[in-house]
Amino acid sequence: MVLSRRKFLTLVSQTAVMLGLSSLFPKLAAAGTPPIEALRQLITSDPRTSRTIMWQSRVPLEDCQLQYRDSQGTLQHKPAIINSLQEDRVTNYYYTVYLKDLTPGTTYSYRIWQGNDVSGWQEFTTPPADINEFSALIFCDSQCGRTYASWGDNFRTVWQRHPEAQFFAINGDIVDNGQQEWHWHNFFAAVEGDLPAHLFVPVMGNHECYSLIWRPCRPRRYELSYNLPPNGNPALQNYYYSYDYGPVHFIVLNTQMLELAGIFPDLLVQQKAWLRQDVKQHRNKWQVVLMHKDILAYDEFQVNSKTLMGISDVGYAFMPLFEELGIDLVLTGHMHTYRNRGHIFKYAPASQGPVYLMSGPIGNQQYKVPEDKRFDKSAIYQPTPPNYLLLEASQERLTVTCLTAAGDLVEKIEI
Ligand SMILES: [Fe+2]
């Protein structure tokens, strides 16, 4: 096998990192073509005029910047904000550039520049000023064991099937362990060539909050990996946030009250106050919540309500507020199966209640999940194959289609 110069340098530097020798090769990053990893576009509060671009390296890259140009070819550059984190005996460097004042409906090319081109040109297109309709992909539980190859294969297959989708979300448990380098590295490596082309909406799950010894921990790697709209809680940046996409206001919530109880005991109280305010300020045609843990327990013991079935602790925490605020649709995951519970309203008599759908996994962790005869309106067969949701929205209608990664239709629902 003949190695290109770039692949050779990448291999040498990765080997040095693996052997803990990176400090012995200080010139590697400056002299050769330094390896950048996990180039990604992240959601902003208004994707018509802004975009966040992030990337990583395992050696510090000085003077690393983003170059971008619009269809007129005007070249601009912006320096990156750099953070670093050492966990699991590896130091990762995180680079963020926030692009603002972009023109709606315009295709931009971008690349990472450090004296030479270290990423190759990538592209993104901002949506038009008036987004009348759009579609998006909702994945969940991309966490994998042994290998992330199936996650990468599913990601590519689904995007080939829906090239018109405007963005994708991963509704929590993006990786299996929040501190383990192997999981983070392989999650990104499995989609390395495809990720820079797609706008990513991350949602924190409980697995992002597990330490190397599987104890709840502060999800520092998640905090640094995803710089998200700063419209949530400044003290909990990247934990919860919202964004608009045409007729839909998306609200990304954090359901890790259990895992984060010792670190952020006010997570629920503060989040509920913010949610009230956020929905009041952003009233679109449709209000859609993305959150990881489900509103039902499905045989998972609930610490507060001491139950294995019926409404979960997360359900008790949020369902009354969803009804009060007129949320239309709540998309969850965590249980690694698809369930449609239709409209549920229990607390606000005037409310129709949101439609509650649970989906996933898109990774390789497949389980059997018991039915909840009281609430389940429809379910997928067991054990659940990898599946995802296609969300299609316009002013007139909001539809969600569940498909397996293999392409079989599970169910199409109009909200
Ligand atoms: Fe989970």
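Every number for a ligand or one of its atoms is a count from 1 in the order of the listing. Worth saying up front: this structure is predicted, and the values here are computed from it rather than measured.
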#### Entry: the Fe ion (ligand 1) - name of the N/O/S atom of Asp173 that sits closest to it
OD2
### Query
Would you say His207 has an N, O or S atom lying under 2.8 Å from the Fe ion (ligand 1)?
no
#### Entry: Aromatic ring proximity, centroids under 6.0 angstrom, Tyr243 and Phe167
yes
#### Entry: the Fe ion (ligand 1) to nearest N/O/S of Asp141 below 2.8 Å
no
### Query
Is the distance from the Fe ion (ligand 1) to some N, O or S atom of Asn206 under 2.8 Å?
yes
#### Entry: His334 atom (N/O/S) at minimal separation from the Fe ion (ligand 1)
ND1
#### Entry: Partner residues of Gln122 under the side chain to side chain contact (heavy atoms under 4.5 Å, CB included) criterion, sequence neighbours left out
Leu39, Tyr110, Pro196
#### Entry: Asp46 and Arg48 ion-paired at < 4.0 Å
yes
### Query
Within a radius of less than 6.0 Å around CD of Gln395, do more than 12 heavy atoms belonging to other residues, nucleotides or ligands occur?
yes
#### Entry: salt bridge (Lys or Arg N to Asp or Glu O under 4.0 Å) pairs, two or more places apart, involving residues 210-220
Arg218-Glu223
